[in-house]
Participant: 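Following this message is one structure expressed as structure tokens.
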Amino acid sequence: MAEFVRLQRHGAIALIVIDNPPVNALSQPVRQGLCQAFQAAEADPEVRAVTLVCAGNTFIAGADIKEFGQPPQAPSLPEVVSLIENSQTPSVAVIHGTALGGGLEVALGCHYRIARADARVGLPEVKLGLLPGAGGTQRLPRLAGVEQALEMIVGGQPIGAAEALEQHIVDQLFEGDPVEAGLAYAQRLLDEGRGPRRTGELSVPGTDSAELIAARHAEVARRTPGLFAPLRCIAAVEAATRLPLAEGLARERELFAECLDSPQRGALVHAFFAERQAGKIDDLAPGVEPRPIRTAAVIGGGTMGVGIALCFANAGVPVKLLEINEEALQRALQRARETYAASVRRGSLSEQAMEQRLALVKGVTDYAALADADLVIEAVFEDMAVKQQVFERLDAVCKPGAILASNTSSLDLNQIAAFTRRPEDVVGLHFFSPANVMRLLEVVRGEKTSQEVLATAMAIGKRLKKVAVVVGVCDGFVGNRMLFQYGREAEFLLEEGATPQQVDGALRTFGMAMGPFAVRDLSGLDIGQAIRKRQRAILPAQLEFPTVADRLCAAGMLGQKTGVGYYRYEPGNRTPLDNPALAPMLEAASREKGLERKTLDERYIVERCLFALVNEGAKILEEGIAQRASDIDVIYLNGYGFPAFRGGPMYYADSLGLDKVLARVRELHARCGDWWQPAPLLERLAAEGRTFSQWQAARLQSERSTRSAP
Ligand code: 3HC
Ligand code: NAI
């Protein structure tokens, strides 16, 4: 029998243990081992019950995602689940950790299920562009009803064990050791003389689910119009309401195959692995351990500082918040309270949790109070002189070994590190606004940042439940450097004849969470103006800049904060309305550049903005500012609202074909000038017929062999 699945006898009970670290995914050897173990138990006349448990931290986390897109290998998961369900010997699945996807489907195939009180169960396949393909869409509605099944299958969010018990998904909760609890439960089945109880033989509870299904369908079509899998999830559940099990399973299989073939599945699986990969630092020496972080401090209680302090409080880490004087401090603490109070009003946080978290945030005005902090994050004005003052003070008061971090979004981290006598302890922690909400964290690696400090920064990211990605020092790091290109092209489109509505609309149709002009109105046009001013001073004079944003700034139209920017806003309402003052500015900007305004098509708008991202991404990759193409994707998916079903800008370019992308970049270079200078890496890969992802894999391979060479 495969080593991944063990069968042990405990009297009349067969104990089947899956042991496939790290998450007991159902790879082919596990599926085969499960079949053999259940068949052996069934064939043994002395076995009267089966207990299925998993070794390690978790029950089965699902099918092995790495196998998707590979040729199928028998036995298939639906076959395994049917074999378990059809067995004559009663079986109990013992869930600890998480039972996800195919993992929950295996459990649903067992005749009984118990779960440790802290376990979670779910069918998250939709997040990978799939639907549960091993009977989940047919068996879950039979246990929990159509409404709950739709919630879990279309929403993809796991639920806790207590809720699973309420929803009849599990039969009992337990505390402590899974093997002990599983054997005891099986013994009880024997004592009570209970036999197999097959989920597939139940009928779906409730008679009229048509309305529920229609409502969910309408909601999905409205909320996520571009997504392929959710509507198929609904169709599969609908099949369960009207077809016998065997036919329902066949329909589920068809729909699963459609999803498997969809390009969205490829993109979403890429996003899953890219996120996990981003947490790894390729050149980290073995044995480098993160430093313990027990207390933190934040300097500056403005927009970012307060949000960052709340991230620590949310993670249960005591944090000091330092402001320039008592008045500014009280304002910052008040803002912290108001942010939590809004969550309490929305019902996402209890009053008690709010008070507990606020008790972890201590306001201070004296740097001496920071002497014991393990980590200090500076979030003061974006001004090098102010940063210098702060870092010199920190260097003087912080204990040896404290990590000194900056949240700067554009200043040179190496220069900031040089204000201290310990540049190896300085790192960039670039949060995104609102810091307590956005998942992305760019971890900026300075020239002298030590490996230990870098490892600690990544560990902090994980603790704060962020997606941390290592980036190098350059203007704007990865995310904002690319965004500058994207935003500039969006602006040029306004001069060629588009309106903000058209540009935002085209990019939203592509899948971006927000259009570039709505984003600019939200963050404030003055921020972009400051960046342009700096860029104008350092970039070659022949590069022309768009002018519409400057015209709006000159008119005091800075976006939502002034009630008008690219759009107009009614007081207290964020709905973007037409700004009548914009049209003459657009006309004037076009006239000044000698451009005749034209209607632009959607595809042109999207290519112009996205290929600018990709071309800059290729430059960033070759300069080594990002470790991997997939890291750039992770940054765009988690910090910039790029649609996950397109995998991120670099994956999207790979999927179009880099030769096609380059051809458009060259055309735009010829027509629009030097902003469009093709990235040498893009040219090389297009000529070689390779993708960013192949280039990345080859580079990693060669770095590994260089490192392991004697
Ligand atoms: N298949 C293959 N590898 C998997 C995996 C899976 N289903 N789930 C996790 N892994 C790998 C990760 O890639 C990672 O590998 P690495 O260490 O080499 O980077 C490792 O397991 C640990 O994963 P995480 O870093 O995510 O660990 P966490 O402890 O933070 O989270 C988890 C654990 C909650 C299980 C999370 O990994 C997760 O959500 N996994 C995916 C679950 C899922 O989507 N299941 C459905 C699969 S599709 C399916 O079952 C189809 C079926 O219906 C036919
Ligand atoms: P802000 O202007 O809202 O807040 C800055 C705060 O720092 C003010 O409350 C000010 O009183 C305080 N401060 C100034 N000098 C100080 C000093 N010497 N000691 C202690 N406190 C001091 O600024 P914001 O937007 O929070 O930005 C802070 C930093 O975060 C900047 O470096 C910015 O580039 C960066 N950042 C900003 C983002 C944003 O979207 N606002 C996103 C990511 C990074």
Side-chain angles (χ1 to χ4, degrees), residues 20-27 57-68 76-78 81 97-106 120 122-137 153 156 158 252-253 256 259-260 265 268-269 272-273 275-280 298-308 321-325 327-329 331-332 335 364-365 367 377-390 393-394 406-411 416 428-435 438 440 442 462 465 477 479-480 522-524 527 530 639:
N20 183 25
V23 295
N24 292 310
L26 291 156
S27 53
N57 295 331
T58 182
F59 193 73
I60 308 163
D64 187 335
I65 302 170
K66 290 191 208 80
E67 288 183 0
F68 296 146
S76 72
L77 193 54
V81 176
T98 44
L100 297 178
L104 181 57
E105 292 175 300
V106 166
R120 296 180 71 73
L123 293 173
E125 285 88 342
V126 70
K127 295 187 186 167
L128 299 172
L130 287 168
L131 52 88
T137 65
I153 295 171
E252 178 193 82
R253 213 59 211 153
F256 182 79
C259 290
L260 202 58
R265 191 270 307 159
L268 288 160
V269 168
F272 175 85
F273 285 117
E275 188 173 318
R276 268 111 200 124
Q277 188 70 9
K280 299 181 176 111
V298 178
I299 316 289
T303 313
M304 294 306 290
V306 168
I308 296 169
L321 183 57
L322 184 141
E323 257 293 350
I324 32 175
N325 56 40
E327 196 193 332
L329 179 61
R331 257 200 320 269
R335 186 150 36 188
V364 298
T365 50
Y367 276 77
I377 303 176
E378 163 279 309
V380 301
F381 301 134
E382 188 74 336
D383 177 326
M384 197 52 109
V386 186
K387 306 271 187 206
Q388 172 165 11
Q389 212 183 25
V390 170
R393 297 286 296 274
L394 290 177
S406 173
N407 182 47
T408 179
S409 42
S410 56
L411 299 177
I416 293 176
L429 290 178
H430 184 212
F431 289 78
F432 287 71
S433 182
M438 295 295 287
L440 180 62
E442 281 185 329
K462 196 154 193 178
K465 296 203 165 62
F477 311 122
N480 286 346
L522 185 65
S523 53
I527 293 187

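Order of appearance sets the numbers: ligands from 1, and atoms from 1 within every ligand. Both backbone and side-chain heavy atoms feed into the values below; hydrogens, waters and symmetry mates do not.
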Participant: Specify side chain, backbone, both or neither for D64, according to which of its non-hydrogen atoms lie closer than 4.0 Å to ligand 1.
Facilitator: both

Participant: Just to be sure I read this right, does ligand 1 sit under 4.0 Å from the backbone of K127, its side chain, both, or neither, counting only heavy atoms?
Facilitator: neither

Participant: What residue and atom, counting heavy atoms only, is the protein's closest point to atom 26 (O) of ligand 1, and at what distance?
Facilitator: R276 NE, 2.7 Å

Participant: Mind checking whether Q277 contacts ligand 1 via backbone (N, CA, C, O), side chain (CB onward), both or neither, at a 4.0 Å heavy-atom cut-off?
Facilitator: neither

Participant: When you measure from atom 17 (O) of ligand 1 to every protein heavy atom, which one gives the shortest distance, and what is it?
Facilitator: K280 NZ, 3.9 Å

Participant: For atom 15 (O) of ligand 1, is the nearest protein heavy atom under 4.0 Å away?
Facilitator: no

Participant: List the closest protein heavy-atom neighbour of atom 53 (O) of ligand 1: residue, atom name, distance to the nearest 0.1 Å.
Facilitator: E125 OE2, 2.6 Å

Participant: Below a 4.0 angstrom heavy-atom separation, can you tell me which part of N57, side chain or backbone, both or neither, approaches ligand 1?
Facilitator: neither

Participant: My question is simple, although I want it checked carefully: is atom 8 (N) of ligand 1 less than 4.0 angstrom from any protein heavy atom?
Facilitator: yes

Participant: Look at atom CG of D383 and say whether more than 12 heavy atoms of other residues, nucleotides or ligands are closer to it than 6.0 Å.
Facilitator: yes

Participant: Quiz question for you: does at least one protein heavy atom lie closer than 4.0 Å to atom 45 (N) of ligand 1?
Facilitator: yes

Participant: Which protein non-hydrogen atom lies closest to atom 34 (C) of ligand 1, naming both residue and atom, and how far is it?
Facilitator: L100 CD1, 4.0 Å

Participant: Select one of side chain, backbone, both or neither to describe which atoms of A63 lie under 4.0 Å from any atom of ligand 1, heavy atoms only.
Facilitator: both

Participant: Atoms of ligand 1 less than 4.0 Å from F273 heavy atoms?
Facilitator: 13 (O)

Participant: I'd like to know whether ligand 1 has E275 as a neighbour, heavy-atom separation below 4.0 Å.
Facilitator: no

Participant: In a check of side-chain contact (heavy atoms from CB on, under 4.5 Å) between N407 and each of E378, M304, E382, which one passes?
Facilitator: M304

Participant: Can you pull the residues with any heavy atom under 4.0 Å from ligand 2?
Facilitator: I299, G300, G301, G302, T303, M304, L322, E323, I324, Y367, A379, V380, F381, E382, V386, K387, V390, N407, T408, S409, H430, F431, S433

Participant: Determine whether any protein heavy atom is located less than 4.0 Å from atom 24 (P) of ligand 1.
Facilitator: yes

Participant: Closest non-hydrogen protein atom to atom 3 (N) of ligand 1, residue and atom name please, with distance?
Facilitator: K66 NZ, 3.9 Å

Participant: Got the closest protein heavy atom to atom 35 (C) of ligand 1, with its distance?
Facilitator: A61 CB, 3.5 Å

Participant: Less than 4.0 Å from atom 30 (O) of ligand 1, is there any heavy atom belonging to the protein?
Facilitator: no

Participant: What part of F68, side chain from CB on, backbone N/CA/C/O, both or neither, has a heavy atom under 4.0 Å from ligand 1?
Facilitator: side chain

Participant: Say whether E323 and T365, considering side chains only, have a donor N or O and an acceptor N or O under 3.5 Å apart.
Facilitator: no

Participant: What protein heavy atom sits nearest atom 21 (O) of ligand 1, and how far away is it?
Facilitator: P22 CG, 3.4 Å

Participant: Which residue and atom name correspond to the protein heavy atom nearest atom 5 (C) of ligand 1, and how close is it?
Facilitator: V23 CG2, 3.7 Å

Participant: Out of all atoms in ligand 1, which are within 4.0 Å of some heavy atom of E105? Include the element for each.
Facilitator: 52 (C), 53 (O), 54 (C)

Participant: I need the atoms of ligand 1 closer than 4.0 Å to a non-hydrogen atom of P124, numbered in the order shown.
Facilitator: 43 (C), 44 (O), 45 (N)

Participant: Any heavy atom of P132 sitting closer than 4.0 Å to ligand 1?
Facilitator: yes

